[in-house]
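Just so we're on the same page: letters track the sequence lines, and every chain starts at 1.
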Number of protein chains: 2
Amino acid sequence: MKLSTKGRYAVTAMMDLTLHENEGPVTLSDISQCQGISLSYLEQLFARLRKHGLVTGVRGPGGGYRLAQPADRITVADVILAVDDNVDATRCGGKGDCQDGERCLTHDLWSDLSGQIYDFLNGITLAGLAERPSIREVMARQDLKHARSRAPSPSAA
Amino acid sequence: MKLSTKGRYAVTAMMDLTLHENEGPVTLSDISQCQGISLSYLEQLFARLRKHGLVTGVRGPGGGYRLAQPADRITVADVILAVDDNVDATRCGGKGDCQDGERCLTHDLWSDLSGQIYDFLNGITLAGLAERPSIREVMARQDLKHARSRAPSPSAA
DNA sequence: TCAATTTCCCAGTATTTCAGTGGGAAATAG
DNA sequence: CTATTTCCCACTGAAATACTGGGAAATTGA
């Protein structure tokens, strides 16, 4: 389990898709402008997300990306694992003969901890994140702005 | 909150100190041989751990490093934050005027998640890690080996 | 049919971080 | 005094990160 800015970019971008899920596909240039990430770098990230079956791309005008699965079935761990490829784990490869053949217990310990971190992140879905109070608050403000032709109806998807 | 091999090295090294806490200071060359990390790189890591008040160095023969605080007061989050310096967090710096002044909510969302990860790792102390069954098991084997004045026990592993 | 949009794809580059190398100074135990 | 070990610094190679740029394929709408 690795946790870097790359993973953060991916998660925030996926949240963008989640929050605008019912407004059609989201273009990468939108996310690029919002997040301040270069378009091509986003393309690279989304290529991986697509290969891992997390998003689907829609080409052409009006196209963009949308979630390939319901938001409550995609976890933060899924997203992070999709973008940063394999973790090499231990240096001694679990040979266990590092020093006197006994000292290497800390390796097991890390894999133990790492597993816990994974379980934790795997328990947080995009839908779950989107339901947080701090987010719903900002979403409500957005709804007001976007309701330009009619009275603000509380109808959510 | 960042989670990389650097942080893993630091945590596993700190666990080494924790597990041999009552055997006097642990030298970096010991950890180097065990973990397969270069001595100088470990020195760099421990310089940071020392500056953050997590370890104390003892010079001279018989010296080494020991925990600067009781193992149940040092958390995994402490260790990780000590070695990988600041996380820049958001790119737009929370200006909030990224697109239409409304799209940047995903940043808040990430800081929310990041805070949760921190809380999680901050709830795991070195002492807590050392008490895990898988670790105690290996520790027990070590105790047998270190008891050299008695008859050698049947081969482990 | 044509132009604009947008995903897709690939090859290259700059920057940063990771990890290691090497030399040497200061403290300390024996 | 000497061996050990922390401390400190400056440098290097390798890898990951993040960006640049060019272009092809699909799709929409005029």
Side-chain angles (χ1 to χ4, degrees), chain A residues 2-13 16-17 20 24-33 35-52 54-68 80 82-92, chain B residues 2-13 16-17 20 24-33 35-68 80 82-88 90-92:
Chain A
K2 200 166 64 174
L3 196 59
S4 60
T5 58
K6 198 171 176 181
R8 191 187 74 215
Y9 285 159
V11 171
T12 51
D16 229 320
L17 300 199
H20 302 93
V26 178
T27 68
L28 291 191
S29 57
D30 274 358
I31 299 178
S32 170
Q33 287 176 26
Q35 235 99 318
I37 316 169
S38 81
L39 181 60
S40 291
Y41 190 46
L42 270 177
E43 282 176 351
Q44 289 172 34
L45 293 181
F46 271 78
R48 283 181 152 166
L49 293 172
R50 195 170 59 85
K51 280 170 189 164
H52 283 256
L54 298 181
V55 299
T56 54
V58 182
R59 291 183 171 186
Y65 284 95
R66 51 174 29 139
L67 299 181
I80 290 177
V83 290
D84 32 67
D85 33 20
N86 62 339
V87 194
D88 64 336
T90 58
R91 173 67 64 89
C92 81
Chain B
K2 202 167 65 174
L3 197 58
S4 59
T5 58
K6 199 173 178 181
R8 191 187 73 215
Y9 285 160
V11 172
T12 51
D16 230 319
L17 299 199
H20 301 94
V26 179
T27 68
L28 290 191
S29 59
D30 273 358
I31 300 178
S32 171
Q33 287 176 25
Q35 234 100 318
I37 316 171
S38 81
L39 182 61
S40 291
Y41 191 45
L42 271 177
E43 283 177 351
Q44 289 172 35
L45 293 182
F46 272 77
R48 282 178 154 168
L49 293 173
R50 195 170 59 85
K51 280 170 189 165
H52 283 256
L54 298 180
V55 299
T56 54
V58 181
R59 291 183 171 185
Y65 282 96
R66 51 173 31 138
L67 298 181
I80 291 176
V83 290
D84 26 73
D85 33 21
N86 63 340
V87 195
D88 64 336
T90 56
R91 174 65 65 87
C92 81

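The distance between atom CG of B:L3 and atom P of D:dA16, rounded to the nearest whole Å, is 16 Å. In this entry the distance linking NZ of A:K6 with P of C:dT17 reads 15 Å, nearest Å. For B:Q35 and C:dG20, the CD to C1' distance is 16 Å, given to the nearest whole Å. One interatomic measurement links the two molecules: CG of B:D84 to C1' of C:dA19, which rounds to 14 Å at whole-angstrom precision. Rounded to a whole Å, the CD atom of B:Q33 is 14 Å from the C1' atom of D:dT5.
Look at B:S29 and you won't find any side-chain N or O under 4.0 angstrom from OP1 or OP2 of D:dT5. Checking the phosphate oxygens (OP1, OP2) of D:dT4, no side-chain nitrogen or oxygen of B:T27 falls inside 4.0 Å. For C:dC8, the OP1/OP2 oxygens have a side-chain nitrogen or oxygen of A:Y65 closer than 4.0 Å.
A distance of 10.5 Å separates NE2 of A:H20 from OG1 of A:T27, quoted to the nearest 0.5 Å. Here the CG atom belonging to A:L67 is positioned 5.0 Å from the CG atom belonging to A:L17, to the nearest 0.5 angstrom. In this structure, B:T56 OG1 and B:F46 CZ are separated by 10.5 Å, a value rounded to the nearest 0.5 Å. Atom CG of B:L45 sits about 6.5 Å away from atom NZ of B:K6, to the nearest 0.5 Å. Annotation: the span from B:I31 atom CD1 to B:I37 atom CD1 amounts to 8.0 Å, rounded to 0.5 Å. For the atom pair A:Q35 CD and A:R8 CZ, the distance stands at 8.5 Å (nearest 0.5 Å).
With hydrogens and angles disregarded, no donor-acceptor distance shorter than 3.5 Å links the side chain of A:S32 to the backbone of A:L28.
The two residues B:D84 and B:S4 make their nearest non-hydrogen contact at OD2-OG, 3.9 Å. Closest approach of B:V83 and B:A10 over heavy atoms only: CG1-CB, 3.5 Å. Among all heavy-atom pairs drawn from A:L49 and A:A82, the shortest one is CD2-CB, 3.9 Å.
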What protein N or O atoms touch nucleotides 26-30 of chain D N or O atoms at under 3.5 angstrom, if any, and at what distances?
unit_1 : atom_1 : unit_2 : atom_2 : d
D:dA26 : O4'    : A:R59  : NH1    : 2.8

Sort me out a list of protein N/O and nucleotides 14-16 of chain C N/O pairs below 3.5 Å, or just none if empty.
none

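The side chain of B:I37 sits closest to C:dG20 out of C:dG20, D:dT6, C:dT7.
Scanning residues 38-53 of chain B for heavy-atom distances under 4.0 Å to DNA chain D yields B:E43, B:R50.
Within the structure, salt bridge (Lys or Arg N to Asp or Glu O under 4.0 Å) contacts touching residues 43-56 of chain B (residues at least two apart or in different chains) are B:R48-B:D85.
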